[in-house]
Asks: 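Got a structure here, written out as C-alpha cells. Questions coming.
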Protein chains: 2
Amino acid sequence: MKNTIHVERAIKRITQADLAEAVGVSRQTINALEASKYVPSVVLALKIARYFDKPVEAIFELEKED
Amino acid sequence: MKNTIHVERAIKRITQADLAEAVGVSRQTINALEASKYVPSVVLALKIARYFDKPVEAIFELEKED
DNA sequence: CTTAAATGTAAAGTTTGCTTTACATTTGAA
DNA sequence: TTCAAATGTAAAGCAAACTTTACATTTAAG
C-alpha cells in the first residue's frame with residue numbers, strides 16, 4: 001500500500017496538523033500514514049480522499065505485496 | 001460506514017466464501033463486513049472494489065456518524 | 001542568527017480488524 | 001422431504017490502527 005498524501009498536501013499547502021484536524025485524527029496518525037507505517041481504515045481513507053476531492057484510488061494504491 | 005457488498009455479490013452470483021477467497025480473507029470477515037460489524041482497511045476495500053470493478057466510493061459510503 | 005512552526009519519532013495503552021474453530025440456522029435443489 | 005451448500009453467529013486470540021504524551025530535529029521566516 002502506498003499513498004500520495006504528502007503530495008496532495010503539498011499541492012494544497014496544508015500542514016499535517018491541518019489535515020489531521022480536518023479528518024478527525026491525530027497529527028501523528030497523518031505523519032505515520034505518510035511514512036507508510038500503517039494502512040488506514042476505509043473510513044479514514046474516504047475522509048482523506050474527500051478532503052482532497054479525489055477518488056480513494058487516486059491517493060491510495062495497492063502494491064503487489066498487499 | 002455502510003457498504004453494498006451484499007448487492008454486488010448478488011449481481012455476480014458469488015458466495016461469501018468465493019469473495020473471501022478472491023480477496024484473501026476469511027469467509028467470516030466478509031460475513032461480518034456485510035453485517036456492518038466492522039470497518040475494513042483500505043487495502044481490503046480496494047481489493048473488494050477492484051474485484052467488482054468499481055470505485056471504492058461506489059461500494060463503501062461514509063455516514064454522518066463516521 | 002534566532003526563533004517559531006512543522007515534522008519526525010518513540011513508547012505505552014486502548015480499540016478494532018481479522019483469524020481460527022466450531023456449531024446452528026437457512027436456503028435451495030433433487 | 002432430504003441433504004448439502006450457504007449463511008449467521010460466537011468466542012478466543014493476535015496483530016495492527018490509532019491515541020496521548022513527550023521530546024528531538026528540520027525548515028523557514030524575520
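All values derive from a computational prediction rather than experimental measurement.
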Asks: Does B/Gln16 place a side-chain N or O at less than 4.0 Å from the phosphate oxygens OP1/OP2 of D/dA5?
Replies: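 Looking at the OP1 and OP2 atoms of D/dA5, neither is under 4.0 Å from any side-chain N or O of B/Gln16.
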Asks: Expressed as a whole number of angstroms, how long is the span from B/Leu19:CG to D/dA6:P?
Replies: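 For the pair B/Leu19 CG and D/dA6 P, the rounded distance is 14 Å.
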Asks: Rounded to whole Å, please give me the gap between CD1 in B/Ile5 and C1' in C/dG17.
Replies: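 Result: 14 Å.
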Asks: What is the distance, rounded to the nearest whole Å, between atom CE of A/Met1 and atom P of D/dA17?
Replies: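 Atom CE in A/Met1 sits about 12 Å away from atom P in D/dA17.
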Asks: I'd like to know if A/Arg27 and A/Glu21 make a salt bridge, using a cut-off of under 4.0 Å between side-chain N and carboxylate O.
Replies: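 The answer is no: the pair does not qualify as a salt bridge.
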Asks: Without decimals, in angstroms, what is the distance between B/Glu34 CD and C/dG17 P?
Replies: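 Spelled out: CD on B/Glu34 to P on C/dG17 is 16 Å.
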Asks: Taking the side chain from B/Ser26 and the backbone from B/Thr29, do they hold a donor-acceptor pair closer than 3.5 Å?
Replies: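 Yes; at least one donor-acceptor contact below 3.5 Å.
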Asks: Distance check: side-chain N/O of B/Arg9 vs OP1/OP2 of D/dT7, anything under 4.0 Å?
Replies: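 True: B/Arg9 side-chain N/O within range (under 4.0 Å) of D/dT7 OP1/OP2.
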Asks: Categorize A/Thr29 for me: base, sugar-phosphate, or nothing, with a 4.0 angstrom heavy-atom threshold over every strand shown.
Replies: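 Base contact - A/Thr29 has a heavy atom under 4.0 Å of at least one base atom.
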Asks: Could you tell me whether the phosphate oxygens of C/dT7, OP1 or OP2, come under 4.0 Å of any side-chain nitrogen or oxygen in A/Asn31?
Replies: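 Looking at the OP1 and OP2 atoms of C/dT7, neither is under 4.0 Å from any side-chain N or O of A/Asn31.
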Asks: How many whole angstroms separate atom NZ of B/Lys37 from atom C1' of C/dC18?
Replies: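 In whole Å, C/dC18 C1' lies 13 Å from B/Lys37 NZ.
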Asks: So B/Ser26, base contact, sugar-phosphate only, or nothing? Heavy-atom distance under 4.0 Å.
Replies: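 Result for B/Ser26 = base.
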Asks: Taking A/Met1's backbone N and O only, do any of them form a donor-acceptor pair with A/Glu63's side chain (distance below 3.5 Å, no angle check)?
Replies: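 Yes, A/Glu63 side chain to A/Met1 backbone: donor-acceptor pair under 3.5 Å.
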Asks: Could you state the CD1-C1' distance from B/Ile14 to D/dA6, rounded to the nearest angstrom?
Replies: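 Distance check: B/Ile14 CD1 to D/dA6 C1' gives 14 Å.
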Asks: Do A/Gln28 and D/dT21 share a donor-acceptor pair, side chain to base, under 3.5 Å?
Replies: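 Such a pair exists between side chain and base.
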Asks: Which of these nucleotides, D/dA17, C/dC18, C/dG17, is closest to any side-chain atom of B/Pro40?
Replies: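 Closest nucleotide among those given: C/dC18.
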Asks: Please test B/Leu44 against B/Leu33 for side chain to side chain contact (heavy atoms under 4.5 Å, CB included), starting from the C-alpha separation and ending with a verdict.
Replies: CA-CA 11 Å; B/Leu44 180 50; B/Leu33 287 182; 3.9 Å; yes
Asks: Would you indicate which nucleotide in D/dT7, C/dA6, D/dA17 comes nearest to any side-chain atom of A/Thr15?
Replies: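 Of the options given, the side chain of A/Thr15 lies nearest C/dA6.
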Asks: Rounded to whole Å, how long is the line connecting atom CG of A/Asp18 with atom P of C/dA6?
Replies: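 Nearest whole value for this atom pair: 7 Å.
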Asks: Which residue, A/Val25 or B/Ala17, contacts DNA chain D at a nucleotide closer to its 5' end, judged by nearest heavy atom?
Replies: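 By nearest-heavy-atom nucleotide position, the 5'-most residue is B/Ala17.
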Asks: Figure out the CG/C1' separation between A/Leu33 and D/dC18, and round it to whole Å.
Replies: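 Rounding to the nearest Å, CG of A/Leu33 and C1' of D/dC18 are 9 Å apart.
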Asks: Under 4.0 Å from OP1 or OP2 of C/dG17: is there any side-chain N or O of A/Ser41 that close?
Replies: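 No.
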Asks: Using modelled atom types and a 3.5 Å cut-off, is there a donor and acceptor pairing between side-chain atoms of B/Asp53 and backbone atoms of B/Arg50?
Replies: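 No; zero donor-acceptor contacts below 3.5 Å.
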